[in-house]
Amino acid sequence: MCGIVGYIGPQAASGILLSGLQKLEYRGYDSAGIATVLEAQLQCIRAKGKLHHLEEKLASWENPAVLGIGHTRWATHGKPEEHNAHPHRDARERLAVVQNGIIENYRELREELKERGCTFRSETDTEVIPHLIAEKLEGLQAKGDPSLLEAVRQAVNHLEGAFAIAVVSADFPDELIVARQQAPLVVGFGNGEYFCASDTPALIHHTRTVLTLENQELARLTTQGVDLYHFEGNRVRRPPRTLNWNPVMVEKQGFKHFMLKEIYEQPGVVRTCLEQYVDSNWQPGKEKSPIRLNLAPDLTANLENIQIMACGTSWHASLVGKHLLEQLAGIPTVVQYASEFRYAPSPITANTLTIGVTQSGETADTLAALETEQQRRAQQPAHLQAHLLGITNRPESSLARLVPAIIDTHAGIEIGVAATKTFMAQLMAFYFLAIELAYQRKTVAPQRLGEIIDGLQQLPAQLEQVLESQERYVETLAHDFVETQDFIYIGRGINFPIALEGALKLKEISYIHAEGYPAGEMKHGPIALLDAKVPVVAIAMPGTVFEKVLSNAQEARARDARLIGVTPMNEQEAKETFDTLLPVPAVDELISPLLTVVPLQLLSYHIAALRGLDVDQPRNLAKSVTVE
Ligand code: M6R
């Protein structure tokens, strides 16, 4: 979604803003712009399309301004055209605003402002904000007390929706005002210089000292420091924190794309998760859990139900989670599309753990679903009260502030829009949670828990082996599919969500139509799509449904489909069934999704790269979907 950056300090702002916007490109956008203040004048330059168009416009512009804001816009209201790009200005062009989010009551505000004589130059919801602030400033000026901070404070109190804004004014050349209501905004502390951004990658090259704004907070940044206030006007005092990232983490480090780098980081991510959450000295029979999630006992005691809210890839990880929680811990689990749950919540069930899964921790639908759950259970008796847990890769995110407990997935920042290593880390979180609950409830023999943990411990080496042995091979194989228009992915049991995830990865980055199905469902409809032009990717791992998947694959072969099998290297029957193999080590079926997803990530990546597409920033997509 949109990206905001802002700067005030001794250096020329435009270069800092531009490089900050480059670091936020991963969020997805279709136009960009910056506004700076110099010698009591506002300059604003905007461009449709990718940042290089803005860069070209800025190239011939000598701009020593030391105060400015910048924006990458992901179009919601109004097409991605220059006149809709941010920053937006008031009628007198004295102040400029950038916004991330949606102003839900913009229609009413726009009509009111028009009635009072405002002319609008864009179709955006954002443009009401500079006009409103200008009106408030006029009112304050008339009273002899002009204050940009106060004008912004009064204006944001009229706005409904989820938004973060940054504001500069030619009449207030020594300050930058920022405000947040349910959309992320971080302030960075430098030495006599201050920054703001939608996300920390834009700040990490300048400072690691940051302050995340809470909902209904606004701040004034000057070269002297940062003053924080509540929307009601009272001063707030909160110390900044130090990020434990370094600038190298947001570089490609020799890889052609962030997505490939992130696929390669997966063995390390799994290693980190194991170090973090597994007691390496644990033995079956020990009177303590093998898992160290440090969850409060009342969060997991007496559970009768689990419900999981998520979107996209996180939803797929949650389906694997459901399988584990039901099969290991014996707890009935439902996985909800967060966007559906908010408007049609299921009836309230007793003693229920609600888990929100979101790598970014900022997905508006997931946050809203969790809030719905929290609010509707607030007045209920004890057994119906909300018990909320978050699984996220961003422990500083809105999710982490919303729920009382989180499992931090420790995957490190993921820049590619297509989730890969964060999916792997979400899966690990579900394995740990399911093992922990199985241990607490004694639903699985300690010996079997030991086997599963041993299996997980082998994973980093096995993942390295898959990456080493398959990357070149998959790259070559991808040539066969550069012109393919449709793909079908099938899997069963714990690997059905991997079929969904394989299909999502392919469509997201290669724009090839792809569908995932439970293998047994194919004959109930999708089989009508099959012919020699539609490859079928089947995930067939030895275990409860191995033979069934092979039979389903045979049904596809009988319709001339080219069959690609994700299956262990030495499975004779699988070798005879599939035209092409994407081999993975033979592992316990229960932990196989952690391996079977990797060849599918590689296949999607190489097809998209061969098609010459923008793998890391696929069209229309955003890394962090902060609007409904
Ligand atoms: O940040 P989240 O995990 O909440 O994001 C949810 C989806 O928007 C996300 O998984 C999306 O589907 C990705 N593009 C998947 O690659």
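All ligand and atom numbering here is 1-based and tracks the order in the structure. A quick note: this is a predicted structure, and the numbers were derived from the prediction, not measured.
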> Does a side-chain N-to-carboxylate-O contact under 4.0 Å join R342 and D365?
Replying inline: yes
> Is the NZ or CZ atom of K421 positioned over Y264's six-membered ring, under 6.0 angstrom from the centre and within 45° of the axis?
Replying inline: no
> Quick one: nearest non-hydrogen protein atom to atom 8 (O) of ligand 1, plus distance?
Replying inline: V625 CG2, 3.8 Å
>> Taking a cutoff of less than 4.0 Å between a non-hydrogen atom of the residue and any ligand atom, is C311 in contact with ligand 1?
In response: yes
> Side chains of S31 and N84: is there a donor and an acceptor less than 3.5 Å apart?
Replying inline: no
> Would T212 and R180 count as having a side-chain donor-acceptor pair, cut-off 3.5 Å?
Replying inline: no
>> So is V417 touching ligand 1 or not, going by heavy atoms under 4.0 Å?
In response: yes
> With respect to atom 5 (O) of ligand 1, which of L399, T363, T420 exhibits the smallest heavy-atom separation?
Replying inline: T363
> Against heavy atoms of A419, which atoms of ligand 1 measure under 4.0 Å?
Replying inline: 15 (C), 16 (O)
>> Check contact between K505 and ligand 1, using heavy atoms of the residue and a distance below 4.0 angstrom.
In response: yes
> Listed by chain and number, what are the salt bridge (charged side-chain N to carboxylate O under 4.0 Å, His left out) partners of D199, not counting sequence neighbours?
Replying inline: R394
> Less than 3.5 Å between some nitrogen or oxygen of T358 and one of ligand 1, yes or no?
Replying inline: yes
